[in-house]
Number of protein chains: 2
Amino acid sequence: MAKIDEVAKAAGVSISTVSYALSGKRPVSVATRQRVEAAVRDLDYRPNAGARMLAGRRTNIFALTEPFRPDTHAPTHMAFVLATSIAARRSEYDILLLTEEEASAGMRRVASSGLVDGVLVLDVAPDDERVGIARQIDLPTVFIGVPDDREGLVCVDLDFEAAASLAVDRFADAGHGSIALIGFPAVGYEKSNFPPRVRSAYARRAEERGLAHAFRASGVETPDLARVRSIVRDLVASGVTAIAVHSPAEVLTTVMDELGRHGLRVPANVSIIALANSLDPDTLPTPIDSVPLVAQESCDLAVELALAAVEEGAQQPGLHLLPPHYLDRGSVAAPPGG
Amino acid sequence: MAKIDEVAKAAGVSISTVSYALSGKRPVSVATRQRVEAAVRDLDYRPNAGARMLAGRRTNIFALTEPFRPDTHAPTHMAFVLATSIAARRSEYDILLLTEEEASAGMRRVASSGLVDGVLVLDVAPDDERVGIARQIDLPTVFIGVPDDREGLVCVDLDFEAAASLAVDRFADAGHGSIALIGFPAVGYEKSNFPPRVRSAYARRAEERGLAHAFRASGVETPDLARVRSIVRDLVASGVTAIAVHSPAEVLTTVMDELGRHGLRVPANVSIIALANSLDPDTLPTPIDSVPLVAQESCDLAVELALAAVEEGAQQPGLHLLPPHYLDRGSVAAPPGG
DNA sequence: TTGAAAGCGATACCAG
DNA sequence: CTGGTATCGCTTTCAA
């Protein structure tokens, strides 16, 4: 726990020179910079966080608010938390966790105590109460997800509509005439933001391409695997030859398993695409084409926007949609008759 | 963002009185305290975090280090993160996240920069590299989990041995003569700490009670549900009448499902106990007896120990095992022939 | 290119 | 029970 004056003494310079040598906010001669750096290494010096926060203009901490909703998909959520942390560290920022009830009250608390420079909002609900708080507090706030009312907010998200269209186009291009979407449990279409966007874009694009299309929720509150199996049977029986799955991994594996039970091969008999999934599609027993969530890209952008707002002292509201990627793993082909 | 001098002026007292009125570290007359509190409310005053860290002796932040291992069970992990956050907030502490590679280097960083008052270590591996770091840094550090070498460390954990024994005793008391344990995927017995403890304690207790006992891993790297089904069939065929399941929820539901397929009822034909699970056993289709993980208790204790160390300026090494609880949901009964 | 010194906003010691 | 003030360790302005 060496202090800056010790470093200054060791390097034979003033403390302000040490400060500038480290921050680079003022030109320092190469010679002195090297002496300072050597002293820093020798003493294992690290600026005191509290002093820095007080004297400087920033804390180098972002708050991450995450209400662990009961219907939150834990692995996906973890991927975003991790991605946020990685993105923040790249810019020398730390992440302070605000969970549960504190996700809202905590935003006010850290804002007025000056503990953080900005707030990153995860797991955004359509009617998220953090929207109102974001408008009240005087702190850069970036939503990773899109609430219904995003007036004046900065939001980052995957372009779900484009992702759904991408899947439909693949199916259409391969020659399928009747496709389906197995989506989230029904509750997701009321309480979450993106499932409805995927569903409607999927339908719209299918119309545009002249395809017959069907939609099925994978359950009511949570995925119902037995129900998924019967859905798969029904869809296939009704002539569907391509299915997009927008649901957790276990639903996808159940779909594959049920097809296998009926001797149906992917992609020979049925084509499959995983939509907006967070898992690595290559870890599945059978590789599946996918249009994955882009956790790292989303969080990188969110941090970048927050950082820009911190530096400029104000943020420009706007919706930032990230283009989807298509991962081709060979699970889409022409339909049996085509 | 009112400051303490504004509060002092508004309340007609000195800033030191404001500070003491809020911290309670010095007696303050009821009258002045109320005037101060009123001023605080009016101005929505919150002490500046940086100033507090610098002037005071503590930061009111704990670091939470969590290496997201590939084999980490996300829902369980989330439960512990959440529990830690809740426990910390109860003591006016915030949680700073250290993930991945930063989980180790970050410990050094936050220690020497004085960003946090202590470190909470989650997801502990047998040969955890954070053990060495904990010994080097001069910060209270509490492990939630037990590494192989815990010399000089403070560790908190569920008493897994007692939990396993509790399950065996229930089976024995109900009259079962041949029991089994379906455990973690095999990799868990090398890279994690507690699965081996459960396995060996289960076997030891079964010996003590004179029961035949079998052990099966639920997979190799990850749970293999097809394998679980065949394990269940084999066990039942070999005369096992009671099974403890120490594995994620999907394994448990698979076990139940496979039993159902063969017309076997719980507990009439087979008795079941979920061991060290993080899920709420009452959300299962069929309620199951369980000896759950105690995330909140563990994290409460961990925070308490860290806090004590902060206040006393030193910590007393020791292993703190939390006693398991048995949740009776009626899934254990006498064996068919008994 | 460098140094001296004025804050930053609390805490807590020393007086009264 | 209350007030004045030194102090925490750094950033940054002002001067040289």
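Naming convention: chains lettered A, B, ... in sequence-line order (proteins, then strands); numbering from 1 in each chain.
- Here A/Arg135 pairs with A/Asp149 in a salt bridge; the nearest charged N to carboxylate O distance falls below 4.0 Å.
- A nucleotide of DNA chain D counts as in contact with chain A when one of its atoms lies under 4.0 Å from a heavy atom; the first and last such, 5' to 3', are D/dG9 to D/dC14.
- Sequence neighbours left out, the pairs with a member in residues 80-125 of chain B that pass ring pair (Phe, Tyr, Trp, His ring centres under 6.0 Å) are B/Phe62-B/Tyr93.
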Check: protein-nucleotides 6-10 of chain C nitrogen or oxygen pairs below 3.5 Å:
from, atom 1, to, atom 2, distance (Å)
C/dC8, O2, A/Ala55, N, 3.4
C/dG9, OP2, B/Lys3, NZ, 3.0
C/dA10, OP2, B/Ile4, N, 2.7
C/dA10, O5', B/Tyr45, OH, 2.8
C/dA10, O5', B/Asn48, N, 3.4

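- Other residues, nucleotides and ligands contribute at most 12 non-hydrogen atoms within 6.0 Å of the CZ atom of A/Arg57.
- There is no side-chain donor-acceptor pair under 3.5 Å between B/Thr99 and B/Glu66.
- Taking a cutoff of 4.0 Å between a charged side-chain nitrogen and a carboxylate oxygen, B/Glu102 and B/Arg109 qualify as a salt bridge.
- For the pair A/Leu319/A/Val146, a side-chain contact is recorded, criterion being any heavy-atom separation below 4.5 Å from C-beta on.
- As a whole-Å value, the separation of B/Tyr20 OH from C/dA15 P is 14 Å.
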Between B/Ser19 and B/Ile4, does a side chain to side chain contact (heavy atoms under 4.5 Å, CB included) hold up when you go through it step by step?
CA-CA 8 Å; B/Ser19 180; B/Ile4 197 172; 4.2 Å; yes
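- Within the nucleic acid shown, B/Ser29 comes within 4.0 Å of sugar-phosphate atoms alone, with no base atom in reach, counting heavy atoms only.
- Among the protein residues, A/Ser23 comes within range of no part of the nucleic acid, since none of its heavy atoms lies under 4.0 Å from any strand.
- Within 6.0 Å of CD in A/Gln136 there are more than 12 heavy atoms belonging to other residues, nucleotides or ligands.
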